[in-house]
Number of protein chains: 2
Amino acid sequence: MKITAQEEYGLRCLLQLARAPQGELVSVKEIGTREGLSPAYVEKLLRVMSRSGLVHSVRGVKGGYIMNRPPAQVSLGEVIRVLGTMPSTSQICTDFTGNQQACVHFSDCGIRSVWSGLTNYIQSFLDQTTLASLLGQEYAVAEQLSKRTGNKNGTNGTPLNGGG
Amino acid sequence: MKITAQEEYGLRCLLQLARAPQGELVSVKEIGTREGLSPAYVEKLLRVMSRSGLVHSVRGVKGGYIMNRPPAQVSLGEVIRVLGTMPSTSQICTDFTGNQQACVHFSDCGIRSVWSGLTNYIQSFLDQTTLASLLGQEYAVAEQLSKRTGNKNGTNGTPLNGGG
DNA sequence: CGTATACTTGACAAAAAAGTCATATTAACA
DNA sequence: TGTTAATATGACTTTTTTGTCAAGTATACG
């Protein structure tokens, strides 16, 4: 069970966009500097998200990337599905390289059921988490209000779980 | 988010041992045949589990592999921790190759908290699932009873989730 | 226009994971 | 005690994933 590099770094880059004031573009170079990643790599990750409509890009001098939807309306599940290789429930076992007979046709294959159960379980966690919540509740609220008050910069809130 | 090959195939091999009648050794060759995997690969996977005490090996002519504990007393979580590279909560971000400043010291790193929350969430699912339950409830019961009745062969039961 | 800045693209290089092989060791059994 | 069947091990090859590069295209601005 593993979080892939593409998911980890892709999410980091996306959060940089999520943190930017509404409507403001952020350049690849800027994100690279903030996250300590090479611009070429950041570019690659952003491109994946751009192609799937998660972010929007603007070329040319003053160009950059920007989120297509506000962070409160994007779930982690969506991001991970775009960046990663999370198997959809229906794909479980279809790319198994072993004995398909033993896997698909016999009823004593205990694997499919756990993997699909686990996958659903994880998806439900991810789908219930929005990017805004990752930036802290304060930020999420600030975002909602920003359209009215003009206060744009959320600093930090309570994390989901005090990890170390 | 990905289930690694080692986890997938390692678990399959382990389940073959779990299905074997109590006290009976199963050879690598036999497992390979049943799962459609090469003996060399099965060997490698079993070795990992052997070194960490999940299974026991017996060399020589009538040798083979056998579980160290009954399937009802082994959790999926334990198996996955042995086979895979699930990050422990404390490791989250320590192997991040980017800007550690941005990750560790700033409070606006929303990553650590989600990853550790997600990791805990997954672990709790895995820790609550025993190998016996993967073989179907009937089997789990049969196992418990086998010491008294001598009925050793559980066939199949209801999967956790009708995946496909 | 021309130039500087930024995204776009596909090919490539490096690293990690997956899977194989040859060889050594152990134990049963005739 | 020699043969056979099995595990043990580490080096090796292949495949996949990560990450880089160089050349191209679009846009702002002087």
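Chain letters run A, B, ... following the sequence lines, proteins first and then strands; every chain starts at 1.
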- First locate atom SG of C13(B), then atom CD of E8(B), and finally report the distance between them rounded to the nearest 0.5 Å. 10.0 Å

- Report the distance from atom NE2 of H56(A) to atom P of dT27(D), rounded to the nearest whole Å. 10 Å

- Message: At 4.0 Å (heavy atoms only), tell me whether T4(B) reaches a base, stays on the sugar-phosphate, or touches nothing.
- Response: sugar-phosphate

- Query: What integer distance in Å separates L46(A):CG from dG19(D):P?
  - Reply: 15 Å

- Note on the structure: Whole-Å distance, L45(B) CG to dA18(C) P, equals 10 Å

- Task: Using the closest heavy atom to pick a nucleotide of DNA chain D for each, name whichever of G60(B) or K62(A) lands nearer the 5' end.
- Result: G60(B)

- Item | Shortest non-hydrogen contact from R34(A) toward E30(A) | NE-OE2, 2.8 Å

- Query: With respect to the phosphate group of dT16(D), does any side-chain polar atom (N or O) of K2(B) fall under 4.0 Å of OP1 or OP2?
  - Reply: no

- E43(A) CD to dG19(D) C1', in whole Å, measures 13 Å

- Note on the structure: Closest to the 5' end of DNA chain D, once V28(B) and K44(B) are matched to their nearest nucleotides, is V28(B)

- Please state whether the base of dT25(D) and the side chain of R59(A) form at least one donor-acceptor pair under 3.5 Å? yes

- Message: Please determine whether a side-chain nitrogen or oxygen atom of Y65(A) lies at a distance below 4.0 Å from atom OP1 or OP2 of dT8(C).
- Response: yes

- Task: Using atom CE of M49(A) as one end and atom P of dC7(C) as the other, report the distance to the nearest whole Å.
- Result: 13 Å

- Flag for S124(B)-Y121(A): side-chain donor and acceptor within less than 3.5 Å: yes

- Message: Expressed as a whole number of angstroms, how long is the span from Y41(A):OH to dC7(C):P?
- Response: 18 Å

- Item | Side-chain (Q6(A)) to main-chain (G84(A)) donor-acceptor, under 3.5 angstrom | no

- Message: It should be established whether S27(B) places a side-chain nitrogen or oxygen under 4.0 Å from OP1 or OP2 of nucleotide dA6(D).
- Response: no

- Query: At under 4.0 Å, does any side-chain N or O of S57(B) touch on OP1 or OP2 of dA8(D)?
  - Reply: yes

